[in-house]
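See structure below.
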2 protein chains.
Amino acid sequence: MPPRRPTAQDVAKLAGASRSAVSMVMNGTADGNVAPETQERIRRAAAALDYTPHPIAAGLRRQRSEMIGLVTDEAASSPFAGRMLSGASQAASDRGYLTVIADAGGPGEDTSHYIEELRRRRVDGLILATTSLRTLRAPEGLRLLPSVLANCHDEPLSLDAIMPDEYRGGREATEHLVSLGHRRITWIGGGDDVDARPLRIRGFQQALSAAGLPPGEVVPAGWDINDGFTAALPLFSAGPDRRPDAVFCANDRVAAGALLAARTAGLAVPGDVSIMGYDDQRHLAEATVPGLTTMALPHEEIGRVAANRVVDRIEGGGPSVPAGAAPQAVLLQCRLVVRGTTGPRLPGA
Amino acid sequence: MPPRRPTAQDVAKLAGASRSAVSMVMNGTADGNVAPETQERIRRAAAALDYTPHPIAAGLRRQRSEMIGLVTDEAASSPFAGRMLSGASQAASDRGYLTVIADAGGPGEDTSHYIEELRRRRVDGLILATTSLRTLRAPEGLRLLPSVLANCHDEPLSLDAIMPDEYRGGREATEHLVSLGHRRITWIGGGDDVDARPLRIRGFQQALSAAGLPPGEVVPAGWDINDGFTAALPLFSAGPDRRPDAVFCANDRVAAGALLAARTAGLAVPGDVSIMGYDDQRHLAEATVPGLTTMALPHEEIGRVAANRVVDRIEGGGPSVPAGAAPQAVLLQCRLVVRGTTGPRLPGA
DNA sequence: TTGAAAGCGCTAACAT
DNA sequence: ATGTTAGCGCTTTCAA
């Protein structure tokens, strides 16, 4: 049974001061209101009793819970959700907020029920985070308290949205390949179901064009290892003068399949062909032979930035978007992670 | 700005009843204390005002927060953490509890700081969850309120621990291979750094022995794709009469490497050799060609069971372990997921 | 500079 | 069967 915890009253008694003095000392509002030596006695008494203020009582008084809610669509099935959660909870904790979570359990699931539940619990702010980048209609409940969208946005933009800069990621990944001397670069994979794909492809074509190269070929396929394998095998089986120098894969799983296809076709990676992934999926990208070069999605940072922004809003005191200020989409940079699947083409190849 | 929410007082006034009657109606303790028609009026008034009780105020009065804390060691870098979080938060929510999270950020990190922080915030109970199965020294703070360990345990057992039954998983996976007619089965992978490995291997040997087969060969290696590849290649390159019928891999990444090695060695899977994984790592096991047969770790269920047990303890009112009752280790079954990498050996092979 | 007092919104014991 | 009252532990205003 939890032993009874000391209250501010106990501390006041031990220090020979008043309850309010204790409160001020604990909240840092004592200077100029409480004599320094009284402050010191209070601090000592608090330490002696191992006193910490009761946040629920304080919250009741202040009408704040010092909690932010994090609603996810499918934390369970994503290898990325953990990074966002951990980034957000870290940042929230650094600013004195607790993070409470609610997971809808699936990508299509309605999150508004969870949002209402968290509102009922009086969270001070909300983050709605999706596992893969998407456009959605923001549930009305979000508008009733400070909130931001993470890895998703609504159209037209009515709430702050924190997202990866997929366009720039696509561009910089391609620039990496071009800088290695590759000229014939083919895009592989990805269906039309994910918002990120067209952005990455636009960046891809943009980089090629900026380098004075013709548009790259785009081979559609799914998002899984076998899709990458199936799509890449015929490309790699073509003659040396007809096959690509490099492939830019829609994600790391597709890249893993392409890697497998290269091996099957008897091509050396990166000697004969370079392979670029996307996502930096943990326990996959670093676990292939050789490790995948890839663009890392900044999930942890997305969580961090989203939490900080919500807290800013809470402490700024306004609703999600301050009256007069337009909601903002914040694009965070993806990070190039160079491992073993990209390199210059070998002369002999 | 959040519009001012109605209070029990407002509802009482509108319904022409007393505050306490409202309280009882909202808490389901009204029957026998409040006249049925008054109850009905109160319910209607509450609905009209869109009233929901203020959980912080209730918590202050009841000395309960209706929150459980979930402390993880490295949610960010594990593909499995999400499943535990989502199982736990789902179960907690079903029982009226909010889940608050704190992530230590790394496998070696000290969690006691986070446990103290959550205790300070007056969570009613705690779950300490690790990303991979391990033995640890339970931080003292856990003993001060209802708590359980998830995916880990202490030695000697002083707290309830919810874990996968790795021994049985190893046994049943092996039984699957044996039932397909395989006789020469080799274990591949896994270092001594993970508690799960010896258990899985014990199950493996136990199943072989129960089938009247000699002990299986154990080839140590790491836990990643390249480790599996490196370890499997020489095995698969041996002559048909010297190579294994099947390999049981320490985890799915090792199995993915073994699959690649089989392809490199020119072996058909499962025609020439069957490959068994472990973990059911999302976006890997189902994404290889063919999909990996594997034992799924019951992470979601671990989260669910852990949360339910904590809530049981909270509502039972005792400390982590009721006086007199021994702490309990609960082993949850792993689930065999048959995909494409296991099957009978083809006659011609 | 200090301390007393009034709640925050709710629940539970008590009086009617 | 109903309403009244006394806090839960804290913050903050106001009077001394």
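Chain identifiers are assigned alphabetically (A, B, ...) following the order of the sequence lines, protein sequences preceding nucleic acid strands; residue numbering begins at 1 within each chain. Keep in mind it's a predicted model, so treat the numbers as computed, not measured.
A donor and an acceptor atom, one from each side chain of Gln328(A) and Arg309(A), are located under 3.5 Å apart. Inspection of the Ser89(B) and Asp103(A) side chains reveals no N or O donor paired with an N or O acceptor under 3.5 Å. Inspection of the His54(A) and Thr7(A) side chains reveals no N or O donor paired with an N or O acceptor under 3.5 Å.
The residue Gly32(A) sits close only to the backbone: its heavy atoms come under 4.0 Å of sugar-phosphate atoms, none of a base. Among the protein residues, Pro53(B) comes within range of the sugar-phosphate backbone only, with heavy atoms under 4.0 Å from sugar or phosphate atoms but none that close to a base. Within the nucleic acid shown, Thr29(B) has no heavy atom closer than 4.0 Å to any nucleic acid atom.
Atom pair Arg121(A):CZ and dG9(C):C1' shows a separation of 15 Å (rounding to whole Å applied). Separating the CD1 atom of Ile56(B) from the P atom of dC8(C) is a distance of 15 Å, rounded to the nearest angstrom. Counting to the nearest Å, the P atom of dA13(C) and the CZ atom of Arg62(B) are 13 Å from each other. In this structure, CZ of Arg64(B) is placed 18 Å from C1' of dG9(D), rounded to the nearest angstrom. One interatomic measurement links the two molecules: CG of Asp10(A) to P of dC8(D), which rounds to 11 Å at whole-angstrom precision. Arg5(B) places its CZ atom 13 Å from the C1' atom of dG9(C), with the value rounded to the nearest Å. Nucleotide dG3(D) holds its P atom 8 Å from the CD1 atom of Ile42(B), rounded to whole Å. Atom CD in Glu66(B) sits about 15 Å away from atom C1' in dG9(C), given to the nearest Å.
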- prompt: Do Asp73(A) and Thr130(A) pass the side-chain hydrogen bond (donor to acceptor under 3.5 Å, both in side chains) test, and can you show the C-alpha distance, the side-chain angles, and the key distance before you say yes or no?
  reply: CA-CA 6 Å; Asp73(A) 57 347; Thr130(A) 56; 5.0 Å; no
Working for side-chain hydrogen bond (donor to acceptor under 3.5 Å, both in side chains), residues Thr52(B) and Arg5(B): CA-CA 9 Å; Thr52(B) 61; Arg5(B) 280 171 164 269; 3.3 Å; yes
Trace of the side-chain hydrogen bond (donor to acceptor under 3.5 Å, both in side chains) decision for Asp110(A) with Ser112(A): CA-CA 6 Å; Asp110(A) 182 28; Ser112(A) 51; 2.7 Å; yes
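Atom NZ of residue Lys13(B) and atom CG of residue Asp10(B) lie 6.0 Å apart, to the nearest 0.5 angstrom.
Salt bridge annotation for Asp312(A)-Arg95(A): present, with a cationic side-chain nitrogen under 4.0 angstrom from a carboxylate oxygen. A salt bridge does not link Arg120(A) with Glu116(A): none of the charged nitrogens is closer than 4.0 Å to a carboxylate oxygen.
A heavy-atom distance below 4.0 Å to DNA chain C is reached by these residues of residues 19-27 of chain B, ordered by number: Arg19(B), Ser20(B), Ser23(B), Asn27(B).
For dC10(C), neither phosphate oxygen OP1 nor OP2 lies less than 4.0 angstrom from any side-chain nitrogen or oxygen of Gln9(B).
Relative to the axis of its first five pairs, the axis of the last five pairs of the helix from dT1(C)-dA16(D) to dC14(C)-dG3(D) sits at 50°, rounded to 10 degrees.
Scanning both residues, Val148(B) and Ala306(B), for their nearest heavy atoms gives CG2-CB, 3.7 Å.
The residue among Ala35(A) and Leu60(B) whose nearest nucleotide of DNA chain C lies closer to the 5′ end is Ala35(A). Take the nearest nucleotide of DNA chain D for Gln63(B) and for Gly16(B): the residue whose nucleotide is more 5' is Gly16(B). Of the residues near DNA chain D, Asn33(B) and Ala57(A), the one whose nearest nucleotide (by heavy atom distance) lies more toward the 5' end is Asn33(B).
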